Amino acid sequence: MNYWLMKSEPQTFGIDHLARAARQTAGWDGVRNYQARNMLRDGFRAGDHAFFYHSSCPEPGIYGVIEVVRAGHPDPTQFDRGSAHYDADSDPSDPRWYQVEVRLLTRFSHPVTLATLREHAQGALRDLALLRRGNRLSVMPVGAGEWKFILRLARDSRSS
DNA sequence: GCCAACGTTGGC
DNA sequence: GCCAACGTTGGC
């Protein structure tokens, strides 16, 4: 099983949206970055887990855990003229953009904030892609050790 | 709203 | 292929 971190702006699609979705499942669409696309297409497997990260909001951080229920497949919004993510240059016979389908597993009662993650930037989370300077990837891998460590932070913040 | 950092575009 | 201009991301 692989571990990931997936970013979204809660104004657009946050963990509450996923919680209210049918079967608490949704396509993670709209990713328009080639490096992220490659991970969605080639790296994600059904059964993988991911942190749901909220960006560009009052309290950036990890708000819960989601599970990949369907591996990479073409993102339908690229062919939808009405979509903000429509891509006129994408060829249906050779789609350019991919999505995965995710299901909500756990919503943390308190988020693991970016500030908390940064407290460990020199320690257990020194290799976390999220904390790398200038990182703008919306999808990124998380190591097994980092995963466990962050889950522990979530548990600790719950009891505080 | 500001700004740093990065990706993409397009002229050459 | 280079690189300047531009657009986007995302924290603050």
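These numbers come from a predicted model, not from an experiment. In what follows, every chain begins at residue 1, and chains take the letters A, B, ... in the order their sequences are listed.
Taking the six-membered ring for Trp and thresholds of 30 and 60 degrees, A:Trp147 and A:Tyr3 have nearly parallel ring planes, at less than 30 degrees apart. Between A:Phe52 and A:Trp28, the ring planes lie perpendicular to each other; the angle is over 60°, past the 30° to 60° tilted range.
Taking the six-membered ring wherever Trp is involved, the centroid distance between the rings of A:Phe79 and A:Trp97 does not fall below 6.0 Å. Checked against a 6.0 Å centroid threshold, the rings of A:Tyr53 and A:Trp4 do not count as neighbours.
Note that the first and last nucleotides of DNA chain C, 5' to 3', having any atom under 4.0 angstrom from a heavy atom of chain A are C:dG7 to C:dC12.
Base contact: A:Ser56 has a heavy atom under 4.0 Å from a base atom. Within the nucleic acid shown, A:Arg132 has no heavy atom closer than 4.0 Å to any nucleic acid atom.
A side-chain contact (heavy atoms from CB on, under 4.5 Å) with A:Leu104 is found for exactly one of A:Thr25, A:Asp16, A:Ile66, namely A:Ile66.
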